[in-house]
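We name chains A, B, ... by the order of the sequence lines, and we start the count at 1 in each one. These values consider heavy atoms only, across backbone and side chains, with no hydrogens, waters or symmetry-generated copies.
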Amino acid sequence: MSKSSKAWLQIAGAACFEVAWVIGLKHASAPWEWGITVLAILISFYVLISASRTLPAGTVYAVFVGLGTTGTVLADMLWFGEPFRMLKVVLIILLLAGVIGLKLTTSDGPKEQIKEVS
Amino acid sequence: MDWLMLIGAGLSEMIGVGMMAKLQTHRSWRTVSLLIFGFGASFVLLSLAMRTLPMGTAYAIWTGIGASGGAVLGMLFYGESREMRRILCIVMILGAAIGLKLIA
């Protein structure tokens with residue numbers, strides 16, 4: 001597997017852990033549940049940072065945030081009985097578009113230039 | 001109160017992310033402890049805010065504050081580009097967050 005497709009798999013995995021810790025922050029009550037939540041936070045950040053060593057950081061964060069938001073909104077509605085409201089979904093998509101736009105237009109600084117040369 | 005905690009969570013996330021960037025150029029105990037404090041406070045506040053707010057909404061706004069706040073700081077202090085489409089993105093995030101607050 002190429003280095004970059006491995007990094008994309010890492011991002012998908014990090015996003016799953018992201019959704020897991022968000023669920024944990026809201027619903028954990030027992031100590032072991034909090035333990036898993038903290039572990040998921042550490043794993044998602046670690047994987048995210050290691051993926052952004054191979055791929056441009058702006059792109060990595062944009063995809064990561066997109067997957068995380070979609071996952072949490074879906075989990076809310078599918079498993080936790082949050083009602084589906086069109087206006088709310090539209091606003092979240094608008095917010096997401098803003099975040100992704102920002103991440104993609106943020107330059108990664110000298111690090112990225114080095115990568116383009118090499 | 002839940003919205004105030006959510007805003008606090010977004011702001012302390014900015015501290016954490018800022019310290020993470022600083023750590024790449026110079027390492028000091030002060031930076032490391034601010035990083036741990038920033039992320040720690042951020043997750044505690046997010047968790048408290050989510051007691052009453054829906055998970056998806058809270059997460060989206062938390063991310064939005066982190067991203068737009070980071071971009072504003074970058075523009076103000078680190079000479080990042082202030083092109084129109086970046087400012088438009090920030091306005092979109094803020095507008096959506098206010099809209100979500102109004103319909104909550």
In terms of heavy-atom proximity below 4.5 Å to chain A, should [X] be classed as side chain, backbone, both, or neither?
{"X": "A71(B)", "result": "side chain"}
{"X": "L53(B)", "result": "backbone"}
{"X": "F39(B)", "result": "side chain"}

Partner chain B: residue of [options] with the largest heavy-atom pair count (under 4.5 Å):
{"options": "D76(A), V65(A), L87(A), V19(A)", "value": "D76(A)"}
{"options": "A75(A), G71(A), G101(A), G68(A)", "value": "G68(A)"}
{"options": "I92(A), T70(A), I93(A)", "value": "I92(A)"}
{"options": "L74(A), V73(A), L94(A)", "value": "L94(A)"}

Which bit of [X] comes within less than 4.5 Å of chain B, counting heavy atoms only: side chain, backbone, both or neither?
{"X": "I41(A)", "result": "side chain"}
{"X": "I49(A)", "result": "side chain"}
{"X": "A97(A)", "result": "both"}

Exercise. From R85(A) CZ over to T57(B) OG1, what is the distance, rounded to the nearest 0.5 angstrom?
Worked result: 9.0 Å
What closest approach, in Å, do [X] and [Y] show between heavy atoms, and which atom pair accounts for it?
{"X": "A67(B)", "Y": "V99(A)", "answer": "CB-CG1, 3.9 Å"}
{"X": "K88(A)", "Y": "L100(B)", "answer": "CG-CD2, 3.7 Å"}
{"X": "G98(A)", "Y": "C89(B)", "answer": "O-CB, 3.5 Å"}

Please check if atom [atom1] in [X] has more than 12 non-hydrogen atoms from other residues, nucleotides or ligands closer than 6.0 Å.
{"X": "F77(B)", "atom1": "CZ", "value": "no"}
{"X": "F80(A)", "atom1": "CZ", "value": "yes"}
{"X": "W34(A)", "atom1": "CH2", "value": "yes"}

Could you state whether [X] and [Y] fall into the same hydrophobic cluster, counting links through intermediate Ile, Leu, Val, Met, Phe, Trp or Tyr residues with side-chain heavy atoms under 4.5 angstrom apart?
{"X": "L48(B)", "Y": "M14(B)", "value": "no"}
{"X": "I65(B)", "Y": "V72(B)", "value": "yes"}
{"X": "L73(B)", "Y": "L94(B)", "value": "yes"}
{"X": "L34(B)", "Y": "L45(B)", "value": "no"}
{"X": "I7(B)", "Y": "F37(B)", "value": "no"}

Please check: side-chain N/O of [X] versus main-chain N/O of [Y], any donor-acceptor pairing under 3.5 Å?
{"X": "T69(A)", "Y": "A60(B)", "result": "no"}
{"X": "R85(B)", "Y": "T105(A)", "result": "no"}
{"X": "K26(A)", "Y": "P54(B)", "result": "no"}

Exercise. Is W21(A) close to L46(B) at the side-chain level, that is, under 4.5 Å between some pair of heavy atoms?
Worked result: yes
Problem set entry | 4.5 Å side-chain heavy-atom contact, M55(B) and H27(A) | yes
For this session: Evaluate the side chain to side chain contact (heavy atoms under 4.5 Å, CB included) criterion for residues L102(A) and S68(B): first the C-alpha distance (whole Å), next the side-chain angles of each, then the deciding distance (0.1 Å), finally the verdict.
Result: CA-CA 8 Å; L102(A) 260 185; S68(B) 52; 4.3 Å; yes
